[in-house]
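All heavy atoms count here, side chains included; hydrogens, waters and symmetry mates do not. Numbers restart at 1 for each chain; the letters A, B, ... are given by sequence-line order, proteins then strands. Bear in mind the structure is a predicted one, so any value in this text is a computation, not a measurement.
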Protein chains: 2
Amino acid sequence: MSNRINAEKILKNRGYKLTKQRKVIIEALSNRGGPYTANEVFSLVSNKYSGINFSTIYRNLELLVKLGIVEKLNINDECCHFKLAGKNHHHHIICNKCGEIKEIDICPFKEIVNINKFKELDFQPIEHRFEIFGICSKCRSKE
Amino acid sequence: MSNRINAEKILKNRGYKLTKQRKVIIEALSNRGGPYTANEVFSLVSNKYSGINFSTIYRNLELLVKLGIVEKLNINDECCHFKLAGKNHHHHIICNKCGEIKEIDICPFKEIVNINKFKELDFQPIEHRFEIFGICSKCRSKE
DNA sequence: ATGGTATTGCAAATGATTTGCAAAGACATT
DNA sequence: AATGTCTTTGCAAATCATTTGCAATACCAT
Ligand SMILES: [Mn+2]
Ligand SMILES: [Mn+2]
Ligand SMILES: [Zn+2]
Ligand SMILES: [Zn+2]
């Protein structure tokens, strides 16, 4: 089942209406890699549905996050990024030159939890984030 | 040498003036754990120097970050947190209940870099972030 | 096709952070 | 200690991302 169909099914199952706006937002995110800022989502979506409003974009991105369809990233202190939620747990590498944000399926978490130093904290972990900033291979080869 | 004295020395060495405002900001951050939002820094500082302006707080926090004296954290999408820069590399655990942000000196980075899967990315790392969200021991014992 | 409810568009509010500018302050020099 | 220069501050307004109230509209079950 495609990401798009799956997302639409979740909306319906949970009693949300399948509006044209929601469809184009989901379509935009499904077709492309992302992540995108709300601004970028607005631009992408405006191609298919000119006249859509920014608050609709925001309201629906947050809804999709709540439903687990979309992932919200805090990469920097400017604004959030949104992308279709990956099926599997992952982290990100972010290029300081071109800004590209890419998934990596390497996760250090399991090992950390088993370290005694961590156990001593008596901290009950719920989520974690791990991001690496640097220069991507494309940008390196340009230099 | 105390954190405060050290920070003041760096300012002077780099040709920045040691204003009363800078002194109280540095003092506020040096005496307490942090991290603090700009708002919180403003409150702390206002005790010692009522009449200080928000833009002064922001301008100086950014200056101190630039000089490496202060560390700026992007914990959530609301606002940034600032704290005196630790001498050693570290990461954070953040309590979802009480909001406390605590340093941990556990870092998974060295191991990650040596994994073949990472090497294949051909990505040149510069910085990284690792944060664990959950429930701290204090909050757990309250339940 | 109709009606009830969720959703949208719009415009205004919010909250964090930034900026231009004139006045005040720091500090090297006399 | 007084002077002059260059920084820095306070203030008020701007900016930018995001949120919100409300009346008009669009879904979709019936
Ligand atoms: Mn790149
Ligand atoms: Mn806690
Ligand atoms: Zn992980
Ligand atoms: Zn590390």
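Across the protein-nucleic acid pair, A:I75 atom CD1 and D:dA17 atom C1' stand 17 Å apart, rounded to whole Å. One can place CG of A:L67 at 10 Å from P of C:dT7, the figure rounded to the nearest angstrom. Computed from coordinates, the B:L63 CG to C:dT18 P distance equals 13 Å when rounded to whole Å. Here the P atom of nucleotide D:dC11 and the CD1 atom of B:I57 are 13 Å apart, to the nearest Å. Rounded to whole Å, atom C1' of C:dA26 lies 9 Å from atom CG of B:L18. In this structure, CD of A:E62 is placed 16 Å from C1' of C:dT7, rounded to the nearest angstrom. Straight-line distance from the NZ atom of A:K17 to the P atom of D:dT25: 16 Å, rounded to whole Å. Look at CG on A:N39: it is 13 Å from C1' on D:dT15, rounded to the nearest Å.
OP1 or OP2 of C:dT7 lies within a sub-4.0 Å distance of a side-chain N or O belonging to A:R22. One finds no side-chain N or O of A:K20 lying less than 4.0 angstrom from the OP1 or OP2 phosphate oxygen of C:dT8. Contact check, A:T19 against D:dC27: no side-chain N or O comes under 4.0 Å of OP1 or OP2. Within the 4.0 Å cut-off from OP1 or OP2 of D:dC27, not a single side-chain nitrogen or oxygen of A:K12 is found. Contact annotation: A:Y49 side-chain N/O to C:dG9 OP1/OP2 distance is under 4.0 Å. The side chain of B:S55 places no N or O atom within less than 4.0 Å of a non-bridging phosphate oxygen (OP1 or OP2) of D:dG10. Listed pair B:Y58 / C:dT17 meets the phosphate criterion, a side-chain N or O lying under 4.0 Å from OP1 or OP2. In this model, the phosphate group of C:dG25 is not approached by any side-chain N or O of B:Q21 to a distance below 4.0 Å at OP1 or OP2. For A:N60 and C:dT8, the shortest distance from a side-chain N or O to OP1 or OP2 is below 4.0 Å.
Within the nucleic acid shown, B:T37 has no heavy atom closer than 4.0 Å to any nucleic acid atom. Within the 4.0 angstrom heavy-atom criterion, no nucleotide atom of any strand lies near A:G15. Residue A:K23 is classed as having no contact, given no heavy-atom separation below 4.0 Å to the nucleic acid. Looking at heavy-atom distances under 4.0 Å, B:F42 makes no contact with the nucleic acid at all. Among the atoms of the strands shown, none is found under 4.0 Å from any heavy atom of B:D77. Residue contacts shown for B:F54 are absent, as no nucleic acid heavy atom lies under 4.0 Å away.
Side-chain atoms of B:H128 and B:H89 include a donor-acceptor pair closer than 3.5 Å. No side-chain donor from either of B:N39 and B:T37 sits under 3.5 Å from a side-chain acceptor of the other. Using a 3.5 Å distance cut-off with no hydrogens or angles, the side chains of A:E100 and A:H92 do not pair a donor with an acceptor.
Although no hydrogens or angles enter the test, the distance criterion places no donor-acceptor pair under 3.5 Å between the side chain of B:N6 and the main chain of B:S2. At least one donor-acceptor pair closer than 3.5 Å links the side chain of B:R140 to the backbone N or O of A:D122.
Note: B:F42 and B:F54 have parallel aromatic rings, judged against thresholds of 30 and 60 degrees for the angle between ring planes.
Nearest-nucleotide mapping onto DNA chain C: of A:R59 and B:K72, the residue sitting toward the 5' end is A:R59.
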